[in-house]
Amino acid sequence: EADIYQTPRYLVIGTGKKITLECSQTMGHDKMYWYQQDPGMELHLIHYSYGVNSTEKGDLSSESTVSRIRTEHFPLTLESARPSHTSQYLCASRALDSPEQYFGPGTRLTVT
Amino acid sequence: DAKTTQPPSMDCAEGRAANLPCNHSTISGNEYVYWYRQIHSQGPQYIIHGLKNNETNEMASLIITEDRKSSTLILPHATLRDTAVYYCIVRSSSNTGKLIFGQGTTLQVKP
């Protein structure tokens, strides 16, 4: 069982609100990732981090931002939510020399 | 990273072996083949990976052709809980660890 957590699991919020999706892992992994997945579609990488104070944009352009102040924590923020941000957001982590990415349960975001 | 091609869907009878194919004809010498699965919109789960030798673990077996242009994931005794979307991903060991997910194969295990 992977020790990677995401909160909230479900969020319904109005347009224009600022939101932060939390992701934390207790495995001491250096590498962390955020993916976005629309229903029935493939996952797209939107952000990743090699370690503390390291963040990079992924393959899919996203209006969200991330931070990595602590190894175990990789929150994602939307400054002003819009209906186009409605999606599932999945966080993952990986140890430096491991082939396996561990995924969290995801946050299902709905912006009305 | 090399592109992969998988059939969009497959059915398998419960208790039988499920053989999921993947084509990766443009794979490079240092690229690994990874398999993940995603059960009903949960986070994806790692299954197995390999470079050129066949691999087996408690979940599945991975058979890679000698020219490495295709591979097959084998679930030896499929159960209803194996119903999921299965992703074949090719990734270099030297990149950031990014996984590029395609559409995958939806495996339906039927009683």
Side-chain angles (χ1 to χ4, degrees), chain A residues 1-7 9-10 21 23 25 27 29-51 54-60 68 74 86-110, chain B residues 1-9 22 30-53 55-60 62 64 71 73 83-108:
Chain A
E1 188 92 8
D3 295 319
I4 180 163
Y5 309 99
Q6 291 185 244
T7 57
R9 294 291 311 278
Y10 302 92
L21 308 185
C23 175
Q25 48 92 8
M27 299 172 282
H29 290 169
D30 288 313
K31 297 188 174 181
M32 295 190 73
Y33 310 84
W34 275 103
Y35 294 84
Q36 183 176 342
Q37 184 178 32
D38 293 334
M41 305 297 287
E42 63 257 46
L43 288 82
H44 292 285
L45 181 70
I46 53 174
H47 298 283
Y48 60 98
S49 167
Y50 295 130
S54 151
T55 61
E56 303 284 345
K57 289 196 177 291
D59 302 315
L60 180 70
R68 190 88 183 276
F74 191 39
T86 294
S87 190
Q88 176 164 248
Y89 293 85
L90 289 152
C91 179
S93 72
R94 185 170 80 93
L96 206 59
D97 297 324
S98 170
E100 183 174 354
Q101 274 193 25
Y102 292 92
F103 283 80
T107 293
R108 194 170 294 279
L109 172 66
T110 302
Chain B
D1 291 329
K3 184 180 171 66
T4 63
T5 305
Q6 299 177 253
S9 63
C22 179
N30 67 344
E31 289 180 318
Y32 287 74
V33 180
Y34 286 77
W35 283 85
Y36 279 73
R37 73 179 182 185
Q38 187 174 26
I39 297 174
H40 192 55
S41 295
Q42 296 176 17
Q45 176 191 24
Y46 166 85
I47 301 173
I48 200 167
H49 78 286
L51 183 62
K52 50 186 176 182
N53 296 323
E55 302 287 345
T56 295
N57 63 20
E58 65 278 3
M59 288 182 69
L62 174 60
I64 302 174
S71 60
L73 178 75
T83 292
V85 180
Y86 287 77
Y87 298 101
C88 170
I89 301 164
V90 173
R91 181 176 76 79
S92 166
S93 62
S94 61
N95 80 0
T96 60
K98 295 187 290 182
L99 296 173
I100 300 174
F101 287 82
Q103 296 276 9
T105 296
T106 299
L107 175 68
Q108 183 75 45

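Here is how names work: the chains are called A, B, and so on, in the same order as the sequence lines, proteins then strands, and each is numbered from 1. For clarity, every value in this text was computed on a predicted model and none was experimentally measured. Any value given below was found using the heavy atoms of this structure, including those in side chains, with hydrogens, waters and symmetry copies removed.
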B:Y36 side chain vs A:Q101 backbone, donor-acceptor pair below 3.5 Å:
yes

Let me know if A:E100 has heavy atoms under 4.5 Å from chain B in its side chain, its backbone, both or neither.
both

Atom group of A:Q37 that falls short of 4.5 Å from chain B, counting heavy atoms:
side chain

Using non-hydrogen atoms and a 4.5 Å limit, figure out which bit of B:I47 sits close to chain A: side chain, backbone, both or neither.
neither

A:Y35 OH to B:L99 CG distance, which is reported to the nearest 0.5 Å:
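With rounding to 0.5 Å, OH (A:Y35) is 4.0 Å from CG (B:L99).
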
A:L90 versus B:Q38: any side-chain heavy-atom pair under 4.5 Å?
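The answer is yes; the side chains approach within 4.5 Å.
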
For the student: nearest non-hydrogen atoms of B:Y46 and A:P99, plus distance:
OH-CG, 4.3 Å

So which atom in A:L43 and which in B:Y87 form the shortest heavy-atom distance, rounded to 0.1 Å?
CD1-OH, 3.9 Å

